[in-house]
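Whatever order the structure lists them in is the order used to number ligands and atoms, beginning at 1.
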Amino acid sequence: MNQTAATQMTGAIRIVVITGSVRPGNYTNMAAALVLDELSRHSKVSVDEIDPAVLRLPPPGTYPPSSDMTQLQKRVEQATGVILATPEYNGSFSSVMKHVIETLGAPSPLMGKPVALLGVAGGTIGAVKSLEHLRSVVAHVGGIVLPLPISVANVQRVFDSEGRCLDQRAEQLIRSVATNLLKYIEQNVCPRVTLEQLLRDDGSPPKIVSV
Ligand SMILES: Cc1cc2nc3c(=O)[nH]c(=O)nc-3n(C[C@H](O)[C@H](O)[C@H](O)COP(=O)(O)O)c2cc1C
């Protein structure tokens, strides 16, 4: 995946994608690249890609906070929705991902935001455990974890070493992480934003529309 910290496009819906592997040549970033590509197909969506490999994030609770840490918090605060892509490490999600979540602080900027999950595993069982653990932690900090997390098993057979996806069905499922999140936002977040605009635009109460 492109290592730039932020991929910006113009638009109203802002999606932050955070990846949880810093291993050189890692497969999590390959899967996340498909999600980013899917998001880039939607003109009203702006994408901010957060790769912890390029951030300086000191251990949570230590001082002084790094500028990367405060930037990370701001970037997630500004998100309409968030995608977390984690590898399966030792039967759970990665310590890198946990570090990012802890660095976000409390109250977490994930609170009240829709969060979609993607897990990538080398094993045949897939990333089921990491996704369950991650779901629990994200819910704990107040994120709205969406149903249909996607787990990629045997990932070294799904992508080649250049990051090309070799499995059409897996590609569809990985891309669905992006489309499911956008669908949720369109159905549940955008109506609230529109109502808010109606309320604020001219100070008059919203019009009642018959359907
Ligand atoms: C420290 C470590 C622990 C791992 N533990 C597991 C595991 O418990 N189950 C599994 O299926 N794969 C495990 N793997 C393999 C990863 O899931 C595999 O490398 C996969 O590509 C996702 O990680 P990556 O994004 O860093 O490439 C482990 C890999 C590492 C480096």
Can you tell me how far apart OG (Ser151) and NZ (Lys129) are? Round to the nearest 0.5 Å.
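Answer for the OG-NZ pair, Ser151 versus Lys129, is 12.5 Å.
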How far does CD1 of Ile185 sit from NE2 of His42, to the nearest 0.5 angstrom?
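Nearest 0.5 Å value for the CD1-NE2 distance: 11.0 Å.
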What atoms of ligand 1 come within less than 4.0 Å of a heavy atom belonging to [X]?
X      : answer
Val120 : 17 (O), 22 (C)
Ser21  : 24 (P), 25 (O), 26 (O)
Thr28  : 24 (P), 25 (O)
Ala121 : 11 (O), 17 (O)

Tell me whether [X] has any N or O atom under 3.5 angstrom from an N or O of ligand 1.
X      : answer
Gly123 : yes
Gly122 : yes
Pro87  : no

Could you point out which residue of Val137, Val138, Leu84 forms a side-chain contact (heavy atoms from CB on, under 4.5 Å) with Met97?
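Of Val137, Val138, Leu84, side-chain contact (heavy atoms from CB on, under 4.5 Å) with Met97 is met by Leu84 alone.
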I need the contact type for Val155 against ligand 1. Using non-hydrogen atoms and a strict under-4.0 Å cut-off, is it side chain, backbone, both or neither?
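The part of Val155 near ligand 1 is the side chain, not the backbone.
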[atom] - nearest protein heavy atom and its distance:
atom                    : value
atom 26 (O) of ligand 1 : Tyr89 OH, 2.5 Å
atom 8 (O) of ligand 1  : Gly91 N, 2.9 Å
atom 6 (C) of ligand 1  : Glu88 O, 3.3 Å
atom 1 (C) of ligand 1  : Asn90 OD1, 3.9 Å

Going by atom types alone, do Tyr27 and Ser21 pair a side-chain donor with an acceptor below 3.5 Å?
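No, no side-chain donor-acceptor contact under 3.5 Å.
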One thing to verify: whether Arg56 and Asp68 come together as a salt bridge, which I'm taking to mean a side-chain N less than 4.0 angstrom from a carboxylate O.
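So Asp68 does not pair with Arg56 through a salt bridge.
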Pair Asp167 + Arg157: basic N to acidic O under 4.0 Å
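Salt bridge: no.
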I'd like the name of whichever of Arg23, Met30, Gln156 reaches closest to atom 19 (O) of ligand 1 through any heavy atom.
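Looking at heavy atoms only, Arg23 sits closest to atom 19 (O) of ligand 1.
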So if you build clusters from Ile, Leu, Val, Met, Phe, Trp, Tyr with side-chain heavy-atom gaps below 4.5 Å, do Met69 and Val96 land together?
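The answer is no; the residues belong to distinct hydrophobic clusters.
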Is Val22 reachable from Met30 through a run of hydrophobic residues whose side-chain heavy atoms are each under 4.5 Å from the next?
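No, no single cluster joins them.
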Are more than 12 heavy atoms, taken from residues, nucleotides or ligands other than Gln168, located less than 6.0 Å from that residue's CD atom?
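Open.
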